[in-house]
Amino acid sequence: MDRKVFTAIGLMSGTSMDGIDVALLETDGEHITRLGPAETYAYDDATRERIRDAVRLAASLPPSFKIPDALDDAGRLMADRHAAAVLKFLVTNGIDRHQVDVIGFHGQTLRHAPELGLTWQVGDAQRLADLTGIRVVADFRRADVAAGGEGAPLAPLYHAALLRSAEGLGQRRPAVWPVAVLNLGGVGNVTWVEKPENPEILAFDTGPGNALIDDWVLAGSGARCDLGGELAAAGRVDDSLLAEWMRHPYFSQNAPKSLDRDAFAQCRPEGATLEDGAATLTAFTAASVAEASRQFPQAAAEWIVCGGGRHNPALMQALRERLGVTVKPVDVYGWRGDSLEAEAFGFLAVRALYGMPLSLPSTTRVKTPQPGGRIFHVMG
Ligand SMILES: Nc1ncnc2c1ncn2[C@@H]1O[C@H](COP(=O)(O)OP(=O)(O)OP(=O)(O)O)[C@@H](O)[C@H]1O
Ligand SMILES: CC(=O)N[C@H]1[C@@H]2OC[C@@H](O2)[C@@H](O)[C@@H]1O[C@H](C)C(=O)O
């Protein structure tokens, strides 16, 4: 069946809480036919603090709760910040809003506990549709969790589509397979792809990404991250602490599986110097990725890395040492490693318009391929 190609904007505000990624693409929900511009709009400190407060408040609520007013406010704040980002994006890139068919709005994850039937992304999607004048798809994870899935990760179908679409996009593709696409955001997640033309994929969250490193560095120095991996490079790994953290039950669970941002918050190198703590946490992320590779049906011949963690040379080096195969940033294939997740939610928005699945049993453990997302038409 020939489906119409839609122009979509994807919006991602990830677990690092650093800002909003905006990306435009054209797709029929199966193939990506064009990648448009992509931008990141950093949050100001006050917005970042309000998000952190909302995450803390959400974490403190009992399993069955009524959404406090403060979190309704967070939903409006997210809609306003995302609307401003979209409007700026359109102006900067000379795009008329009528050229955009749909926005995929992930929202800010406040809490993710699929075992309680809960995955919570905050963001008033109706308000975003009205402020931008563009139809919005949001609430991507809810249907999957309601159907017994993990609700995450959802980018894997996009990773597979990108590998499939490489030729049409004029991109190179890995020469050896299987390939593992690793996203190092606040949390890490991986998509194992057997071959580009083969729909068999396996996906799951690997463990910590950058969030533990960021939180440690913020508490110890006030800096937002271990820029350039310099602290980790100057520190020494505490192997016994690392071994203790690797005994966390998450690592022996079978994939697919997913994580809340703060699932490993108790893994703190208390008493260590800033450098040694950063080195140990960086090794923890790399070790958890290496552990993840044991779940693959067949070893990955190459790892390609997206997300902010690929900008950290100490982390990339630790990954190379522990994986023992080629590890490259996705950018070498012409992918945009900082906007891949935003692109993914643009892609998934189009799939939602078509009622196509957003997840599979092998990506979220859901029983059958699962459609999802909720459509918000412009009213105001
Ligand atoms: N130059 C750099 N040096 C070290 N770390 C960096 C650098 N640039 C980005 N990072 C790390 O990447 C993080 C941001 O990553 P990214 O934007 O992929 O996260 P996210 O999309 O919010 O997370 P998630 O994928 O979990 O939703 C920063 O918080 C920081 O830890
Ligand atoms: C619940 C939630 O927001 N999960 C995020 C988070 O950040 C990385 C990892 O944990 C992944 O599972 C997911 O994001 C990406 C975009 C995904 O769904 O593929």
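Counting convention: from 1, in listed order, for ligands and their atoms alike. In this text the structure is predicted, and so the values were computed from the model without any measurement.
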Within ligand 1, which atoms have a heavy atom of [X] less than 4.0 Å away?
{"X": "Gly307", "result": "18 (O)"}
{"X": "Val187", "result": "26 (O)"}
{"X": "Gly309", "result": "12 (O)"}

Measure the shortest side-chain to side-chain distance between Thr191 and Val193 over non-hydrogen atoms and say whether it is less than 4.5 angstrom. yes
Heavy-atom distance under 4.5 Å between the side chains of Gln370 and Pro357, does that happen here?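 Not in contact.
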For ligand 1, indicate whether the residue [X] contacts it via side chain, backbone, both or neither (heavy-atom separation under 4.0 Å).
{"X": "Asp214", "result": "side chain"}
{"X": "Asn189", "result": "neither"}
{"X": "Thr109", "result": "neither"}

Looking only at protein heavy atoms, identify the closest one to [atom] and say how far it is in Å.
{"atom": "atom 18 (O) of ligand 1", "value": "Gly308 N, 2.8 Å"}
{"atom": "atom 15 (C) of ligand 2", "value": "Glu341 OE2, 3.7 Å"}
{"atom": "atom 4 (C) of ligand 1", "value": "Asp226 O, 3.1 Å"}
{"atom": "atom 17 (O) of ligand 1", "value": "Asp18 OD2, 3.4 Å"}
{"atom": "atom 19 (O) of ligand 1", "value": "Ser16 OG, 2.9 Å"}
{"atom": "atom 6 (C) of ligand 2", "value": "Thr15 CG2, 3.8 Å"}
{"atom": "atom 26 (O) of ligand 1", "value": "Thr15 OG1, 2.4 Å"}
{"atom": "atom 19 (O) of ligand 2", "value": "Ala155 N, 2.8 Å"}
{"atom": "atom 14 (O) of ligand 2", "value": "Arg141 NH2, 3.4 Å"}
{"atom": "atom 23 (O) of ligand 1", "value": "Gly186 N, 3.0 Å"}

How close do [X] and [Y] get, counting heavy atoms only, and between which atoms?
{"X": "Tyr250", "Y": "Asp205", "answer": "OH-O, 2.7 Å"}
{"X": "His248", "Y": "Ala263", "answer": "NE2-O, 3.9 Å"}
{"X": "Lys328", "Y": "Met316", "answer": "C-CE, 4.2 Å"}

So, do [X] and [Y] have ring centers that fall under 6.0 Å from each other?
{"X": "Phe345", "Y": "Phe105", "answer": "no"}
{"X": "Trp303", "Y": "Phe296", "answer": "yes"}
{"X": "Phe264", "Y": "Phe251", "answer": "yes"}

Given [options], which has its nearest heavy atom closest to [atom]?
{"atom": "atom 8 (N) of ligand 1", "options": "Glu341, Met17, Gln108, His311", "answer": "His311"}
{"atom": "atom 13 (C) of ligand 1", "options": "Leu212, Leu315, Asn210", "answer": "Asn210"}
{"atom": "atom 18 (O) of ligand 2", "options": "Asn183, Leu154, Leu340", "answer": "Leu154"}
{"atom": "atom 12 (O) of ligand 2", "options": "Asp205, Asn189, Leu110, Leu157", "answer": "Asp205"}

Whether the [X] and [Y] side chains hold a donor-acceptor pair (N or O, under 3.5 Å, no angle test) is what I'd like checked.
{"X": "Thr364", "Y": "Glu150", "result": "no"}
{"X": "Thr47", "Y": "Asp45", "result": "no"}
{"X": "His106", "Y": "Arg141", "result": "yes"}
{"X": "Gln108", "Y": "Ser13", "result": "yes"}
{"X": "Asp338", "Y": "His311", "result": "yes"}

To the nearest 0.5 Å, what is the distance between SG on Cys306 and CD on Glu341?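 Cys306 SG to Glu341 CD: 6.5 Å, rounded to 0.5 Å.
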Report yes if some N/O of Val187 lies less than 3.5 Å from some N/O of ligand 2; otherwise report no.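 Checking ligand 2 against Val187, no N or O pair falls under 3.5 Å apart.
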Numbering the atoms of ligand 2 from 1, which are under 4.0 Å from a heavy atom of Ala152? 12 (O)
Give the atoms of ligand 2, by number and element, whose distance to some non-hydrogen atom of Thr109 is under 4.0 Å.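 With Thr109 as reference, the close atoms of ligand 2 come out as 1 (C), 2 (C), 3 (O).
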Check whether any heavy atom of Gly228 sits under 4.0 Å from an atom of ligand 1.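 Gly228: in contact with ligand 1 (<4.0 Å).
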When you measure from the heavy atoms of Leu227 to every atom of ligand 1, does any distance fall below 4.0 Å? yes
Using non-hydrogen atoms of the residue, decide whether Arg261 is closer than 4.0 angstrom to ligand 2. no
With a distance cut-off below 6.0 Å to the six-membered ring centre and an angular limit of 45° from the axis, does Arg3 pair with Tyr354 as a cation-pi contact? yes
